[in-house]
There are 2 protein chains.
Amino acid sequence: MAQKPGSLPIGGCCDTLALPLEEQDVETWAALCHALADKTRVQLLAVLCRYAGEVCVCHLVAAFPLSQPTISHHLGVLKSAGLVRCKKRGPWAYYYPNWEAINRLRQFIERIQAQEVRP
Amino acid sequence: MAQKPGSLPIGGCCDTLALPLEEQDVETWAALCHALADKTRVQLLAVLCRYAGEVCVCHLVAAFPLSQPTISHHLGVLKSAGLVRCKKRGPWAYYYPNWEAINRLRQFIERIQAQEVRP
DNA sequence: CTATTATATAGATAGTTGTCGATACATCAA
DNA sequence: TTGATGTATCGACAACTATCTATATAATAG
């Protein structure tokens, strides 16, 4: 078969394609994206950021056309990913964004974007 | 039951919690995150960005411990989400990042982050 | 044309996830 | 204590997904 025309000098010297990201980073970023891979959770995080400080779960349940257990589930997913935290006061639970995790997500995008070669 | 202590003046005037994001934006961002909600796809996008221009699929298949159809599947998911594009030259397929979509993802994070109140 | 190679698609399967109703747990009022 | 309310958990089910093998499609070499 023909010599590949666009055959890249991959890595500059060899034919082996190096994976740029370390396993742990891949794990972290995939987990963060996974937590935001659902429309309800994207909107939930946006609400928490918009009304940060804290938002009571009962308000969230009222704002979404979903059952209370489902909202609780989505909040749990966001919390497991570290994107939000919560504290309980009396019988109420208040969720709020974890800006550090959100920042990690932005750094991921920026690291990817840093590879772009602009004209 | 007791008056809620942390009861927020949500929205400033009423008890209804407004959803900050429009349906279409939520859809877009969830779809982008969904495409990156998998370790293999995160690494794939990183590789494509690192070696942009273009990367031949056969190199990708060689670099990952997964079957060729599985790599093809993941590239298809990234392509459906608009994060990458591809062109065929002869029998080879070359994938490359779509920086515009990656930028949309960064704008999402930034819009979320813009709500943060710094001390 | 035939054989070979690169890639995509199809089909199957095990595992995951979003959703709900039912229920348990915790907190507070009375 | 009893009842009411806010929240989390459980169990179930349908839908989706990551992966594989097998196969189809496309392009090129001989």
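Reminder, nothing fancy here: chain letters follow the sequence lines and each chain counts from 1. As a basis for the values below, the full set of heavy atoms in this structure was taken, side chains included, without hydrogen atoms, waters or symmetry mates.
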**Report entry** Short side-chain N/O contact from Arg89(B) to OP1 or OP2 of dA6(C), under 4.0 Å
**Finding:**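 Negative; the distance criterion is not met.
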
Query raised in the report: Do any side-chain nitrogens or oxygens of Tyr95(A) fall under 4.0 Å of OP1 or OP2 in dA8(D)?
Result: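 The answer is yes; a side-chain N or O of Tyr95(A) sits under 4.0 Å from OP1 or OP2.
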
May I have the distance from [X] (atom [atom1]) to [N] (atom [atom2]), rounded to whole angstrom?
X	N	atom1	atom2	result
Asp38(A)	dC16(D)	CG	P	13 Å
Tyr94(B)	dA27(D)	OH	P	14 Å
Phe64(A)	dT19(C)	CZ	P	11 Å
Lys39(B)	dT16(C)	NZ	C1'	15 Å
Leu60(B)	dT7(C)	CG	P	9 Å
Trp92(B)	dA26(D)	CH2	C1'	12 Å
Lys79(A)	dA8(D)	NZ	C1'	9 Å
Lys88(A)	dT7(D)	NZ	C1'	5 Å

As a test of reading the structure: which of [options] is closest to the side chain of [X], going by heavy atoms?
X	options	value
Cys58(A)	dT19(C), dG6(D), dT7(C)	dG6(D)
Ser67(B)	dC20(D), dT19(D), dA8(C)	dC20(D)
Val57(B)	dG18(C), dA8(C), dA18(D)	dA8(C)
Ser72(A)	dC20(D), dT9(C), dA8(D)	dA8(D)
Pro91(A)	dA8(C), dG6(D), dC20(D)	dG6(D)
Pro69(A)	dA22(C), dG6(D), dA18(D)	dA22(C)
Leu66(B)	dT19(C), dC20(D), dT7(D)	dC20(D)

Query raised in the report: Would you say the side-chain atoms of Gln43(A) pair up with the backbone N or O of Leu21(B), donor to acceptor, closer than 3.5 Å?
Result: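 Present.
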
Report task. Mark yes or no for whether Thr70(A), through its side chain, and Leu66(A), through its backbone, hold a donor-acceptor pair below 3.5 Å. Result ->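 Side chain of Thr70(A) to backbone of Leu66(A): no pair is present.
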
Query raised in the report: Could one point to a donor on the side chain of Gln68(B) or the base of dA6(C) with an acceptor on the other under 3.5 Å away?
Result: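 For Gln68(B), whose side chain was compared with the base of dA6(C), there is no donor-acceptor pair (under 3.5 Å).
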
Query raised in the report: What does His73(A) touch in the nucleic acid at a heavy-atom separation under 4.0 angstrom: a base, only the sugar-phosphate, or nothing?
Result: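 The residue His73(A) makes base contact.
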
**Report entry** Cationic N near anionic O, under 4.0 Å, Glu110(A) to Arg106(B)
**Finding:**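 Salt bridge: no.
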
Requested in this report: Flag the pair Ile102(A) / Cys49(A) as yes when at least one side-chain heavy-atom distance between them is below 4.5 Å, and no otherwise.
Outcome: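 Contact flag for Ile102(A)/Cys49(A) side chains = yes.
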
Query raised in the report: Listed by chain and number, what are the ring pair (Phe, Tyr, Trp, His ring centres under 6.0 Å) partners of Tyr95(B), not counting sequence neighbours?
Result: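 Result, ring pair (Phe, Tyr, Trp, His ring centres under 6.0 Å) vs Tyr95(B): none returned.
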
Requested in this report: Map His34(A) and Cys86(B) onto DNA chain C by nearest heavy atom, then report which one ends up closer to the 5' terminus.
Outcome: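 Upstream on the strand: Cys86(B).
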
Query raised in the report: Pick the nucleotide of DNA chain D nearest each of Gly90(B) and Thr40(B); which residue has the one closer to the 5' end?
Result: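 Counting from the 5' end, the first nearest nucleotide belongs to Thr40(B).
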
**Report entry** ring pair (Phe, Tyr, Trp, His ring centres under 6.0 Å) pairs, two or more places apart, involving residues 68-90 of chain B
**Finding:**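 Qualifying pairs, neighbours excluded: none.
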
